[in-house]
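Working notes for the structure below.
These numbers come from a predicted model, not from an experiment.
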Amino acid sequence: MPPDTSPASPAIHQPWPLRDKIAFVGIGTTRYGNFPETDSYGLGCEALNAALDDAGLKPSEIDGLIVNRIPSYERFAEIMGINPQYCLLTEAPGRFSGVSLALAAQAIASGAAETIALVYGNNGRSVRMLYGGGDSQWSPWGMTSPGAIHAMMWQRHMHEFGTTHADLGPVSVAFRHHACLNPDAVMHGRPITLEDHAAARPICEPLKLLDYCLINDGAVAWIMTSAERARDLRRPAVLLSGYARQDAFHYGSAPADDFWYPNLSATRSVYDRAGFGRDDIQGLGIYDNFSPTVMFSLEGLGFCKQGESGDFVRDGTLQLGTDGAKGGRWPTNTSGGHLSDSYMQGWGIIAECVRQLRDDCGDRQIPNAQAMQYICATNIAQSLILRRDA
Amino acid sequence: MSLATRPAPVIDNWNRTFWDACRERRLVLQRCTATGRCFFPPGPVSPFTGRPDWEWVTASGRGELWSFVVFHQKYFDGMKDELPYPVAMVKLEEGPYLLTNLDGMTAAEARIGMRLAVRFPGGPGDFLLPQFGPEA
């Protein structure tokens with residue numbers, strides 16, 4: 001039930017005041033899997049220590065802390081011995097990885113904190129977290145789970161644009177291919193074909209098992225600070241060049257009837273904010289809780305026309321080259337993404353974008369990666385662009 | 001069908017009238033008095049004005065199938081005998097969407113854009129759940 005109001009027009013005539021002012025200086029990720037011997041606190045500490053080591057920093061040098069999927073910021077700060085001047089816990093949905101990133105950037109730019117640790121920890125697998133069930137607006141009709149919302153939207157997309165379930169196959173296959181290049185990915189060593197994608201068991205039709213992300217235990221930490229300070233630290237700084245966001249909450253609690261196209265389109269202002277365009281970007285990170293979100297993201301940000309994402313991804317556009325073979329123009333989710341690395345709710349995908357810009361990616365490194373773009377298609381549509389420090 | 005074992009609706013101060021009307025086999029919606037537009041789920045104010053200026057109206061009970069899915073995964077114990085079950089997204093003539101189920105037809109017969117009408121074949125406890133089937 002969209003209201004008559006359209007999303008606010010981004011103020012593209014004004015330079016974005018945060019352009020290249022904020023940097024990533026430390027990245028840490030844990031192993032992903034089933035770890036009942038620990039919990040989100042233990043995993044979060046492991047990731048944060050890895051990020052601190054990466055940056056060459058001590059906990060006492062952290063004066064800002066944002067935690068996500070870790071139950072208590074107080075307990076986490078107590079455990080790590082951090083007494084910051086800026087601290088908060090952000091909401092659970094994966095759209096809050098990008099939101100948390102933006103909050104940290106704003107806090108650093110405004111002087112609220114100098115060096116912020118952002119820590120995501122999830123033990124959803126060992127506690128058998130169910131993404132569905134429970135009481136809700138639609139539970140009397142059996143409607144539940146994020147997967148079903150995306151299934152409903154993809155069914156409509158197929159009707160409106162003539163796309164098919166098979167059009168999603170190249171997305172799942174590309175990300176699995178990347179997981180096979182990433183020794184740390186949960187699905188490393190388990191390649192799939194388009195036939196496997198088509199023959200997978202249905203979960204919520206039209207979506208099947210290989211359209212769904214992987215629920216695992218794990219944690220991710222990022223350390224962010226000013227670009228100026230970053231240049232004194234041990235790793236090459238990766239700069240936040242642009243960030244754009246547009247919310248759309250008018251769907252009446254039902255699946256979005258417009259594939260989030262208007263609010264995703266509004267985030268195309270990310271290029272103006274960054275000061276450079278698509279031609280200067282070598283790879284993508286796309287929030288892939290389910291394979292259709294990749295299609296909605298590509299269409300919304302204008303990589304292809306609306307309805308043409310099936311054609312766009314068909315010939316390996318999102319896939320890295322291997323063994324000397326030429327890859328596609330837009331290598332996406334090079335770690336394997338949520339579909340084949342692990343569902344770390346955007347945190348792991350953004351970490352991978354940073355790693356690409358530091359040449360940390362080994363067999364899955366994008367040649368000459370200078371800038372990466374992240375996209376998250378939800379009712380809080382976001383896109384951000386990261387680049388190497390010049 | 002086992003509508004009797006479905007999850008019960010969560011009643012709040014805004015949707016109570018909707019569920020009371022269902023017991024009388026009527027589908028009701030809130031209508032914004034300033035714009036004449038209907039909205040759902042029920043809430044304290046009109047989303048078109050932000051003001052508490054609205055009235056309950058009886059909907060036509062007709063709409064079109066906007067999209068649908070078929071659940072194979074069990075999320076609710078009371079629905080395990082219904083698996084695989086369809087959930088339909090119906091665009092009501094008055095504008096709002098309802099997520100509902102198909103009655104008197106199967107998912108294989110569902111065609112996006114087809115006309116559907118409400119019926120109240122049963123529900124958990126003393127609730128009646130709106131379901132949709134082919135228009136008479």
Side-chain angles (χ1 to χ4, degrees), chain A residues 1-5 128-163 165 200-212 215 248-259 290 292, chain B residues 3 6-10 12 15 19 22 35 37-43 46-50 65-79 82-92 94-101 107 110-113 123-124 127-132:
Chain A
M1 188 175 39
D4 298 328
T5 52
R128 293 188 168 75
M129 167 78 75
L130 263 185
Y131 289 85
D135 287 333
S136 71
Q137 169 67 38
W138 307 114
S139 48
W141 295 278
M143 178 64 184
T144 187
S145 83
I149 290 169
H150 292 82
M152 192 73 84
M153 290 168 70
W154 189 250
Q155 180 88 281
R156 179 69 191 188
H157 196 279
M158 294 194 295
H159 171 79
E160 243 173 76
F161 302 111
T163 44
H165 177 258
R201 77 182 157 88
I203 305 296
C204 186
E205 287 182 280
L207 299 187
K208 300 182 179 186
L209 184 66
L210 296 178
D211 299 305
Y212 275 63
I215 305 302
F249 296 134
H250 56 262
Y251 299 106
S253 311
D257 64 357
D258 57 10
F259 318 103
F290 307 96
Chain B
L3 291 173
R6 290 290 186 93
V10 182
D12 62 32
N15 69 18
W19 288 106
C22 286
T35 65
R37 297 171 68 182
C38 292
F39 53 95
F40 188 88
S46 161
F48 307 110
T49 64
L65 182 63
W66 192 85
S67 188
F68 66 98
V69 297
V70 179
F71 277 80
H72 291 257
Q73 178 80 25
K74 180 179 81 86
Y75 292 101
F76 301 104
D77 287 340
M79 294 186 72
E82 294 188 68
L83 288 169
Y85 64 84
V87 173
M89 184 161 166
V90 173
K91 186 172 177 60
L92 299 174
E94 292 81 5
Y97 293 101
L98 281 189
L99 295 172
T100 179
N101 309 110
R111 297 289 176 270
I112 289 177
F127 290 105
L128 286 180
L129 281 184
Q131 304 279 288
F132 280 73

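A donor-acceptor pair is defined here as one N or O able to donate and one able to accept, closer than 3.5 Å; such a pair exists between the side chain of Arg6(B) and the backbone of Pro140(A). Side chain of Trp141(A) to backbone of Pro130(B): a donor-acceptor contact under 3.5 angstrom is found. Without hydrogens or angle criteria, Asp135(A) side chain to Val10(B) main chain gives no donor-acceptor distance under 3.5 Å. For the pair Tyr85(B) (side chain) and Gly142(A) (backbone), a donor-acceptor distance under 3.5 Å is present. Judged by distance alone, with hydrogens and angles left aside, the side-chain atoms of Gln155(A) form no donor-acceptor pair with the main-chain N or O of Ser67(B) at under 3.5 Å.
At least one side-chain heavy atom of Phe40(B) sits under 4.5 Å from a side-chain heavy atom of Gln137(A). Side chains of Thr144(A) and Phe71(B) form a contact here, defined as non-hydrogen atoms less than 4.5 Å apart. At a threshold of 4.5 Å between non-hydrogen side-chain atoms, the residues Ile203(A) and His72(B) do not count as touching. Looking at heavy atoms from C-beta onward, Trp154(A) lies out of side-chain contact with Val69(B) at the 4.5 angstrom threshold.
To the nearest 0.5 Å, the span separating CD on Glu160(A) from CD1 on Ile112(B) amounts to 9.0 Å. Summarising the geometry, atom CE belonging to Met153(A) is positioned 8.5 Å from atom CE belonging to Met89(B); distances are rounded to the nearest 0.5 Å.
Across all their heavy atoms, Ala256(A) and Trp66(B) have their closest contact at O-CH2, 4.1 Å. Taking each heavy atom of Tyr75(B) and Tyr131(A) in turn, the nearest pair found is CE2-O, 3.9 Å. Closest approach of Ser253(A) and Pro41(B) over heavy atoms only: OG-CG, 3.5 Å.
By number of non-hydrogen pairs under 4.5 angstrom with chain B, the leading residue of Gly133(A), Ser136(A), Pro206(A), Cys204(A) is Cys204(A). Contact tally against chain B (heavy-atom pairs below 4.5 Å) for Ala151(A), Gly132(A), Ser145(A), Pro202(A): the top residue is Pro202(A).
Neither the backbone nor the side chain of Pro124(B) comes within contact range of chain A; no heavy atoms are under 4.5 Å apart. Interface remark: Met79(B) contributes side-chain atoms only to the contact with chain A (heavy atom separation under 4.5 Å). Heavy-atom distances place both the backbone and the side chain of Phe68(B) under 4.5 Å from chain A.
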Please report the C-alpha distance between Thr100(B) and Met143(A) in whole Å, then the side-chain angles of each, then the deciding distance to 0.1 Å, and finally whether the side chain to side chain contact (heavy atoms under 4.5 Å, CB included) criterion is met. CA-CA 8 Å; Thr100(B) 179; Met143(A) 178 64 184; over 6 Å; no
Go through Gln73(B) and Arg201(A) one step at a time and tell me if the side chain to side chain contact (heavy atoms under 4.5 Å, CB included) criterion holds. CA-CA 10 Å; Gln73(B) 178 80 25; Arg201(A) 77 182 157 88; 4.1 Å; yes
